[in-house]
Structures are given as C-alpha cells and as structure tokens.
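Order of the sequence lines fixes the chain letters, A, B, ..., with proteins taken first and strands second; residue numbering starts at 1 for each chain. Given the structure is predicted, the values throughout are model-derived calculations rather than measurements.
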Amino acid sequence: MTTIDFDATSIEVARALIGTSLFVSGVGGRIVETEAYDESEPASHTFGGQTPRNAVMFGPSGRAYVYRSYGLHWCLNVVCMRAGHGAGVLIRAIEPTRGVAAMRERRGQQELRLLCSGPGRLCQALGVMHAMNGLRFDRPPFRLVPQGVDAMFKVASGARIGISKSQDLPWRFVLAGSAFLSKPMRAG
DNA sequence: TGTATGATCGCCT
DNA sequence: GGCGATCATACAG
C-alpha cells in the first residue's frame with residue numbers, strides 16, 4: 001500500500017491517483033482518468049486569483065472542490081499543494097467496482113462503461129453534490145483506498161480535454177488501456 | 001443590471 | 001460531427 005501526499009503538485013497527485021479507488025458512501029471504484037490544474041496556467045479556475053467559487057482550491061490540500069459545469073453537471077476535484085496555492089486534480093473517470101446497482105439507478109443507464117466515464121457522469125453515479133464542497137477525502141462520505149503494491153498497470157499522459165487554453169500541457173493522466181475512459185488517449 | 005462563458009452530456013443527423 | 005440544455009460565475013458598464 002502507498003499513500004498519496006496531497007501537498008505535492010497537482011501533476012504528481014494526478015499521476016498518483018490513477019489506480020487508487022474512490023468511494024462516496026461506499027459507491028465507487030478505481031480511478032482511471034485525472035487531469036491536473038494549477039494557478040500558473042489559464043485553463044485553471046484558480047488562474048487570476050482567489051474568488052468565492054474557487055476558495056476551497058486555495059485551502060488545505062486533501063479536500064474536495066466541487067463545482068457546477070455548464071449549469072447542469074457537478075465536477076469533483078482533489079485540492080493539492082500548500083494552503084494559499086490554487087491547485088487541484090479533476091477526477092474524470094472511474095472503473096465501477098462497488099455500488100453498481102445504485103449507480104445504474106442514479107444515472108438511468110445500464111451500460112457499465114458509461115456509468116462513470118466522464119467528470120459529470122461519475123459525480124451523478126457516486127452522488128457527488130455541491131454540499132460536499134470543502135469536505136476532507138480522508139473522512140466520510142469519502143474513502144480513498146490506495147492501489148496494492150502488486151498492482152500492475154501503465155499510466156499514460158496527454159493533452160487535457162474540453163478546455164480552450166493551455167491545450168499544449170500534457171496534464172491528463174489515464175490508466176493505459178482502460179475501457180472506462182471518457183475518451184481514448186491519443187495514440188503516441 | 002446585462003452579458004459572455006464554460007474542466008459536460010446526450011441526442012440528433 | 002453538431003447542437004441545445006441550463007445556470008453560476010465573473011466582469012464590464
């Protein structure tokens with residue numbers, strides 16, 4: 001078992017989270033896709049400084065930053081680095097392992113591959129809501145279970161998805177070959 | 001007070 | 001591949 005140091009940079013945490021299992025009230029699975037964000041680049045919500053919306057991202061690490069996307073969906077992030085520095089990791093896809101029936105009911109979706117393959121989808125499947133903004137990941141309803149020492153998989157990286165700025169940064173991380181990604185990783 | 005803009009998703013062609 | 005849904009946020013005036 002390994003533990004994750006959330007005081008590290010968002011890039012380091014984004015890579016370390018691949019293979020880790022995330023549960024919300026016992027429902028969840030293995031994280032297979034993440035993206036790193038940092039206040040130094042304009043694609044991040046924290047670029048330009050602290051506001052009421054992004055305040056959690058400037059607080060202590062290891063907390064949940066939950067925001068609404070496109071007026072419809074929730075997105076879940078893990079806050080990184082020291083307090084005062086706005087950095088975090090967007091959880092983009094999970095391989096469902098526990099609570100699949102609850103996920104199917106919440107999503108109105110039977111196909112396993114489409115339950116958690118996207119930041120909005122996984123929040124709906126796991127029941128993530130804005131009330132969880134600022135909560136610690138080492139306390140209920142959250143639970144993080146590190147991968148076993150014998151876990152064997154490769155982590156691939158590439159360009160982030162759905163952003164219009166800093167598209168050159170290879171800050172998307174995936175479990176190579178996973179069938180549960182929001183989009184396949186570009187070959188190369 | 002008004003307006004433009006999304007770290008998305010699902011349905012349509 | 002295109003587009004509409006739907007609204008909090010940020011910023012301009």
Open item on the list: Ring-plane angle category for His130(A) and Trp74(A), please: parallel below 30°, perpendicular beyond 60°, tilted otherwise.
Closed with: parallel

Task: 4.5 Å side-chain heavy-atom contact, Tyr37(A) and His45(A) - done: no

Side chain of [X] only, heavy atoms from C-beta on: which candidate in [options] is closest?
X         : options                 : answer
Arg53(A)  : dA5(C), dC9(B), dA10(C) : dA10(C)
Arg68(A)  : dA10(C), dA7(B), dA8(C) : dA8(C)
Ser164(A) : dG6(B), dA7(B), dA10(C) : dG6(B)

Rounded off to whole Å, could you give me the [atom1]-to-[atom2] distance for the [X] and [N] pair?
X         : N       : atom1 : atom2 : value
Glu111(A) : dC11(B) : CD    : C1'   : 15 Å
Ile161(A) : dC9(B)  : CD1   : P     : 10 Å
Tyr67(A)  : dT6(C)  : OH    : C1'   : 16 Å
Gln124(A) : dT6(C)  : CD    : P     : 14 Å
Arg160(A) : dG6(B)  : CZ    : C1'   : 14 Å
Lys183(A) : dC9(B)  : NZ    : P     : 11 Å
His73(A)  : dG10(B) : NE2   : P     : 7 Å
Glu41(A)  : dA7(B)  : CD    : C1'   : 10 Å

Task: Distance in Å, Phe180(A) CZ paired with Arg113(A) CZ, rounded so as to fall on 0.5 Å steps - done: 8.5 Å

TODO: Could you grab the distance from atom CE of Met132(A) to atom SG of Cys123(A), nearest 0.5 Å is fine?
DONE: 9.5 Å

Open item on the list: Using a 4.0 Å heavy-atom cut-off, does Leu72(A) contact any base of the nucleic acid, only the sugar-phosphate backbone, or nothing at all?
Closed with: base

- [ ] Please determine, for dA7(B), whether a Watson-Crick or G-U wobble partner exists with both distances under 3.5 Å, and give it or none.
- [x] none

Check the phosphate of [N] against [X], side-chain N and O only, distance under 4.0 Å to OP1 or OP2. Yes or no?
X         : N       : value
Arg92(A)  : dT8(B)  : yes
His45(A)  : dA7(B)  : yes
Arg121(A) : dG10(B) : yes
Arg107(A) : dG10(B) : yes

Task: Under 5.5 Å and under 30°: Tyr37(A) stacked on dA7(B) - done: yes

Task: Position toward the 5' end of DNA chain B (nearest nucleotide), Leu114(A) or Met57(A) - done: Met57(A)

- [ ] Taking only Lys NZ, Arg NE, NH1 and NH2, and the carboxylate oxygens of Asp or Glu, determine whether Lys165(A) and Glu41(A) approach each other closer than 4.0 Å.
- [x] no

Open item on the list: Once hydrogens and angles are ignored, does a donor-acceptor distance under 3.5 Å link the base of dA5(C) to the side chain of Tyr70(A)?
Closed with: no

